[in-house]
Amino acid sequence: AFMMQLFIPLNFLGFVYREIKSALANIDEMFKLLKVSPTIKDSPEAKELHITKQATVSFKNVSFHYQPEREILHNISFEIASGQKVAIVGESGSGKSTIVKLLFRFYDVKSGSISIDHQDIKNLSLHSLRKAIGIVPQDTVLFNDTILENVRYGNPDADDQAVLAAMKMAHLDVFISKLPKGHDTMVGERGLKLSGGEKQRVAIARTLLKNPPILVFDEATSSLDSQSEKSILEAIRAISRGHTSLVIAHRLSTIVDADNIIVLDAGRIIEQGTHQNLLALGKRYATLWNIQQKSEDKV
């Protein structure tokens with residue numbers, strides 16, 4: 001009996017030791033991470049981005065690779081004129097998301113240039129560049145806080161009135177009005193208490209609150225069901241008016257109204273034009289469209 005009584009505490013101490021050892025290892029990794037210096041920094045001569053009215057975005061002969069032996073983008077050139085919506089489509093691995101990363105300057109181009117209103121983003125401060133761009137991602141990150149504070153994250157200095165106005169524009173107010181605690185409802189860890197469509201409305205409200213001249217929609221509806229997708233698309237179209245917009249799309253039905261659609265294949269532009277022009281061309285885009293239409297008809 002004495003040995004059994006001794007065994008239990010020793011077992012418990014062993015468990016505590018392993019947990020402490022694991023926690024210390026995680027803390028050690030955290031400190032290593034904090035010491036990592038970002039490779040992309042402001043140059044000593046970095047200037048603030050100045051946008052006159054609405055931004056024009058230009059990619060000129062852009063090439064990029066993560067490893068030299070595998071090129072991700074090859075000689076990409078396109079322009080999003082002030083107030084236009086340009087969509088980029090292509091299969092997985094074609095380089096769509098890399099274009100977004102380069103626009104935010106998470107990486108620098110290997111050759112060519114990216115400019116906003118004729119200002120090369122390499123010469124701009126990262127703060128002013130990223131302040132000018134709002135993004136609605138595929139997977140919205142929410143914090144375990146109230147809906148109000150999650151939306152305020154788009155502009156931490158905004159007052160409650162501005163946050164509530166952004167919620168209304170994103171059509172969150174109808175959903176919130178049905179909650180017992182309204183906008184003071186906690187969303188849970190990573191927003192588990194909200195549906196996919198509701199999370200995307202929070203992302204849209206955040207972007208509205210930030211009110212940037214450039215909007216990026218990175219497959220913003222690809223994880224939603226058809227009903228949610230339809231209502232989110234209506235909200236996206238509403239906030240896109242008067243903004244320069246870049247849309248990364250998987251479902252072609254979501255970008256039929258784009259001013260220009262760019263088709264990527266293995267990091268190269270193989271077609272571009274309006275929805276109707278590309279259908280009439282009868283090549284890659286038309287093939288993708290027909291495949292997706294047949295797939296949707298079966299559902």
Atom [atom1] in [X], atom [atom2] in [Y]: separation rounded to 0.5 Å?
X: I76; Y: S63; atom1: CD1; atom2: OG; result: 7.5 Å
X: L209; Y: M167; atom1: CG; atom2: CE; result: 9.0 Å
X: S125; Y: D42; atom1: OG; atom2: CG; result: 5.5 Å
X: Q119; Y: K47; atom1: CD; atom2: NZ; result: 8.5 Å
X: F217; Y: Q200; atom1: CZ; atom2: CD; result: 10.5 Å
X: E91; Y: H250; atom1: CD; atom2: NE2; result: 9.5 Å

Would you say the side-chain atoms of [X] pair up with the backbone N or O of [Y], donor to acceptor, closer than 3.5 Å?
X: N144; Y: M186; value: no
X: K96; Y: G90; value: yes
X: T207; Y: A203; value: yes
X: N260; Y: G273; value: yes
X: S82; Y: T56; value: no
X: Q293; Y: N290; value: no
X: T244; Y: G83; value: yes
X: R130; Y: F104; value: yes
X: Q292; Y: L252; value: yes
X: D265; Y: R268; value: no

**Asked** What residue among V247, I133, I99 forms side-chain contact (heavy atoms from CB on, under 4.5 Å) with V216?
**Response** I133
**Request:** Only one of V256, T274, V89 passes side-chain contact (heavy atoms from CB on, under 4.5 Å) with I261; say which it is.
**Result:**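 The residue from V256, T274, V89 that satisfies side-chain contact (heavy atoms from CB on, under 4.5 Å) with I261 turns out to be V89.
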With the side chain counted from C-beta on, respond yes when [X] and [Y] share a heavy-atom pair under 4.5 Å apart, and no when they do not.
X: I270; Y: Y285; value: no
X: L126; Y: R105; value: yes
X: L246; Y: I214; value: no
X: H275; Y: I255; value: no
X: I262; Y: V86; value: yes
X: D218; Y: Q138; value: no
X: V263; Y: L278; value: yes
X: R70; Y: H65; value: no

Of all heavy-atom pairs between [X] and [Y], which one has the smallest distance, and what is that distance?
X: S128; Y: L124; result: OG-CB, 4.5 Å
X: L208; Y: A170; result: CD1-N, 3.9 Å
X: S113; Y: V62; result: O-CG2, 3.3 Å
X: L103; Y: I121; result: O-CD1, 3.8 Å
X: V151; Y: R206; result: O-CG, 3.5 Å
X: S77; Y: N61; result: OG-N, 2.7 Å

Just wondering, are more than 12 heavy atoms of other shown residues or ligands nearer than 6.0 Å to [atom1] in [X]?
X: R284; atom1: CZ; value: no
X: F59; atom1: CZ; value: yes
X: K110; atom1: NZ; value: yes

**Request:** May I ask you to check whether H74 and F64 place their ring centers less than 6.0 Å from one another?
**Result:** no
**Request:** Output, in order, the C-alpha distance, side-chain angles, deciding distance and verdict of side-chain contact (heavy atoms from CB on, under 4.5 Å) for I269 and L264.
**Result:** CA-CA 5 Å; I269 295 177; L264 278 186; 3.8 Å; yes
**Request:** Determine, step by step, whether E79 and V57 satisfy the side-chain contact (heavy atoms from CB on, under 4.5 Å) criterion, reporting the C-alpha distance in whole Å, the side-chain angles of both residues, the deciding distance to 0.1 Å, and the verdict.
**Result:** CA-CA 6 Å; E79 183 170 286; V57 176; over 6 Å; no
**Request:** For K85, check side-chain hydrogen bond (donor to acceptor under 3.5 Å, both in side chains) against everything at least two apart and list the hits.
**Result:**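 Counting only residues at least two positions away or on another chain, K85 forms a side-chain hydrogen bond (donor to acceptor under 3.5 Å, both in side chains) with D257.
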**Message:** Using the rule given for side-chain contact (heavy atoms from CB on, under 4.5 Å), can you reason through T98 versus Y107, listing the C-alpha separation, both sets of side-chain angles and the distance that settles it, and then say yes or no?
**Reply:** CA-CA 9 Å; T98 300; Y107 301 93; over 6 Å; no
**Request:** Flag the pair R152 and D160 as a salt bridge only when some basic side-chain nitrogen lies within less than 4.0 angstrom of an acidic carboxylate oxygen.
**Result:**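 Salt bridge flag = yes for D160 with R152.
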**Item:** Worked verdict on V187 versus D145 for side-chain contact (heavy atoms from CB on, under 4.5 Å)
**Value:** CA-CA 6 Å; V187 303; D145 206 332; 5.9 Å; no
